[in-house]
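As structure tokens, the structure follows; a few thoughts come after it.
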Amino acid sequence: MMLHYQDPAKLRTKKIVFEEVYGASDPCTLEQLKELSSKRRLIEESINESTSITEAIAREMSGGLTSHSQQVLQKLEQYLPLLENLIFHVNLVSSNRQISQWTANLKIQWSNLVQSATLFREAAGLYRHLADESFASLQQHSLLVENPPEILPSVSTVMNLICLAEAQAVTIRWAEEKGTSISLLAKLHHGVAEFLYEAAVILYAAIGECKDISSRFVEFLSSSRALHRLRGQKYHAESLKTAGKVGISIAVLRVALTDGKRQMPGEESWKSTYRKEIDDAAELLRKIEHENGFVWREKVPSKEELPLCEGNKIVSSIPYQPKRWERELAFKI
């Protein structure tokens, strides 16, 4: 199994009381909002590690579940349908300005994006240390005919690159909230795709060393890369349109959609996210094509004539520093 990196559990989420955000017009709606707040409070306490409930009471409340992870999953299963119900009804009246303002005031998001990016960079540094120091040395003394994937330096390098990709993806979310230019956002998304492409190349080579590498893990890499590449192309197209290059913008989106539809993930749980990106890009293309047909009437170039959008990788690993007792243990071994 891969190293279980615990630090991301230190992320925090803010308190939300839905009945204080949305104005309920009847008692039934008010009770539903209160129930939603109650279910969310249990999630908040689990994430923020602020619950005062004892293990025995938690076990009783969950119907006898002893695993903390199973208890958290049960809370999520009870909370998410209620949240989806709220989203459904809010969408029905999304044109109402007051409802839109209430929804904007929710701001359901992580408040420490910079910290989480740092955690991913620290994890990347740990995997780099394992690849370069620990596992490289272990390989020289291994008597196994075929080593398991978790001790292959190449797989640790792959995990290093995935952590860097995650760190940059988190940075992009922070940049989007800060209103960073769309041209830079395009380059950052392409940077994530480049991290994942490097990881995929190394992973495919590692399959030659070890047949036990999960095919689902391979698909995760390719699907994640395709997702960020599509997002990058969408931002790139918006940037080109803003610069007055409407025809090129249309061509970029057409190519992005053609390539993107070919790379639809097989995993059901990933399809909805990917389909949304496809739909958003298609809607953007429709609007720009409509505008070009009536106003600009620019020629749409072929795929071969399109400029490349280069990626920008702005994150790096934080070097791992072994603790003193770890160094002493390694010396004794």
Side-chain angles (χ1 to χ4, degrees), residues 109 113-114 116-117 120-121 124 158 160-203 218-265 267 270-289 292 300-316:
Q109 61 187 12
L113 289 176
V114 175
S116 56
F120 279 121
R121 291 177 60 215
V158 168
N160 163 266
L161 290 165
I162 290 175
C163 288
L164 291 176
E166 292 280 14
Q168 180 141 326
V170 169
T171 302
I172 292 171
R173 286 180 56 191
W174 178 81
E176 287 171 336
E177 291 180 6
K178 296 296 181 182
T180 301
S181 70
I182 52 179
S183 60
L184 177 56
L185 291 174
K187 292 179 180 178
L188 292 176
H189 273 295
H190 278 288
V192 173
E194 288 178 6
F195 275 128
L196 295 172
Y197 174 75
E198 292 176 34
V201 169
I202 296 171
L203 189 63
V218 175
E219 186 186 9
F220 163 76
L221 277 182
S222 60
S223 299
S224 298
R225 177 180 175 242
L227 179 67
H228 281 281
R229 191 171 186 278
L230 180 58
R231 287 173 176 170
Q233 290 294 78
K234 190 175 70 172
Y235 276 125
H236 183 40
E238 289 183 278
S239 177
L240 288 167
K241 180 182 179 295
T242 302
K245 300 177 181 179
V246 179
I248 301 177
S249 174
I250 291 172
V252 166
L253 282 171
R254 286 177 179 174
V255 171
L257 281 169
T258 300
D259 293 343
K261 288 174 182 177
R262 286 200 207 103
Q263 297 169 321
M264 180 68 69
E267 180 73 28
W270 300 335
K271 280 185 177 178
S272 59
T273 300
Y274 199 86
R275 281 200 191 100
K276 183 180 183 307
E277 292 300 326
I278 291 284
D279 292 344
D280 289 349
E283 177 61 18
L284 179 60
L285 175 60
R286 186 194 66 78
K287 289 180 178 178
I288 299 177
E289 284 180 330
N292 190 51
V300 178
S302 65
K303 180 178 180 180
E304 292 70 25
E305 299 174 275
L306 292 180
L308 294 176
C309 179
E310 295 182 358
N312 189 354
K313 296 185 286 188
I314 63 171
V315 300
S316 58

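In this chain, numbering begins with 1 at the start of the sequence shown. These figures come from a predicted structure and were not determined experimentally.
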Does [atom1] belonging to [X] count more than 12 external heavy atoms closer than 6.0 Å?
{"X": "Lys303", "atom1": "NZ", "answer": "no"}
{"X": "Glu310", "atom1": "CD", "answer": "no"}
{"X": "Lys313", "atom1": "NZ", "answer": "yes"}

Item to check | Those residues that, when tested against Glu289, pass side chain to side chain contact (heavy atoms under 4.5 Å, CB included) (two or more places apart) | outcome: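 Once residues adjacent in sequence are excluded, the partners of Glu289 under the side chain to side chain contact (heavy atoms under 4.5 Å, CB included) criterion are Ile250, Arg254, Leu285.
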
Checklist entry - Gln233 and His190: side-chain donor and acceptor closer than 3.5 Å? => result yes

Atom pair [atom1] ([X]) and [atom2] ([Y]), whose distance is rounded to the nearest 0.5 Å:
{"X": "Glu283", "Y": "Ile288", "atom1": "CD", "atom2": "CD1", "answer": "10.5 Å"}
{"X": "Leu188", "Y": "Ile182", "atom1": "CG", "atom2": "CD1", "answer": "13.0 Å"}
{"X": "Met264", "Y": "Leu227", "atom1": "CE", "atom2": "CG", "answer": "10.5 Å"}
{"X": "Leu284", "Y": "Lys234", "atom1": "CG", "atom2": "NZ", "answer": "7.5 Å"}
{"X": "Leu184", "Y": "Ile314", "atom1": "CG", "atom2": "CD1", "answer": "7.0 Å"}
{"X": "Tyr235", "Y": "Leu185", "atom1": "OH", "atom2": "CG", "answer": "5.0 Å"}

Checklist entry - Salt bridge between Arg231 and Glu176, side-chain N to carboxylate O under 4.0 Å? => result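 Judged by the 4.0 Å cut-off on N to carboxylate O distance, Arg231 and Glu176 do not form a salt bridge.
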
Next on the checklist: One thing to verify: whether Asp279 and Lys276 come together as a salt bridge, which I'm taking to mean a side-chain N less than 4.0 angstrom from a carboxylate O.
Outcome noted: no

Closest non-hydrogen atom pair between [X] and [Y], with its separation:
{"X": "Gly247", "Y": "Pro301", "value": "O-CD, 3.4 Å"}
{"X": "Gln263", "Y": "Ala226", "value": "OE1-CB, 3.5 Å"}
{"X": "Val252", "Y": "Ala237", "value": "CG1-CB, 4.2 Å"}
{"X": "Ala281", "Y": "Leu230", "value": "CB-CD1, 4.4 Å"}
{"X": "Ala167", "Y": "Ala117", "value": "CB-O, 3.7 Å"}
{"X": "Gly260", "Y": "Ile278", "value": "C-CD1, 3.8 Å"}

Close side-chain approach of [X] to [Y], heavy-atom, < 4.5 Å:
{"X": "Leu306", "Y": "Ile248", "value": "yes"}
{"X": "Leu221", "Y": "Ile162", "value": "yes"}
{"X": "Phe220", "Y": "Glu267", "value": "no"}
{"X": "Leu196", "Y": "Val192", "value": "yes"}
{"X": "Lys241", "Y": "Lys287", "value": "no"}
{"X": "Glu219", "Y": "Trp270", "value": "yes"}
{"X": "Asp259", "Y": "Arg229", "value": "yes"}
{"X": "Glu238", "Y": "Ser249", "value": "no"}

Next on the checklist: Quick check against the 3.5 Å criterion: does Glu305 have a side-chain atom that pairs as donor or acceptor with the backbone of Val300?
Outcome noted: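 Such a contact is absent between Glu305 side chain and Val300 backbone.
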
Next on the checklist: Once salt bridge (Lys or Arg N to Asp or Glu O under 4.0 Å) is applied, what residue pairs with a partner in residues 180-197 remain, sequence neighbours excluded?
Outcome noted: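 Passing the test, one end in residues 180-197: no pairs.
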
Next on the checklist: side chain to side chain contact (heavy atoms under 4.5 Å, CB included) for Val315 and Phe120? Distances and angles first, verdict last.
Outcome noted: CA-CA 10 Å; Val315 300; Phe120 279 121; over 6 Å; no

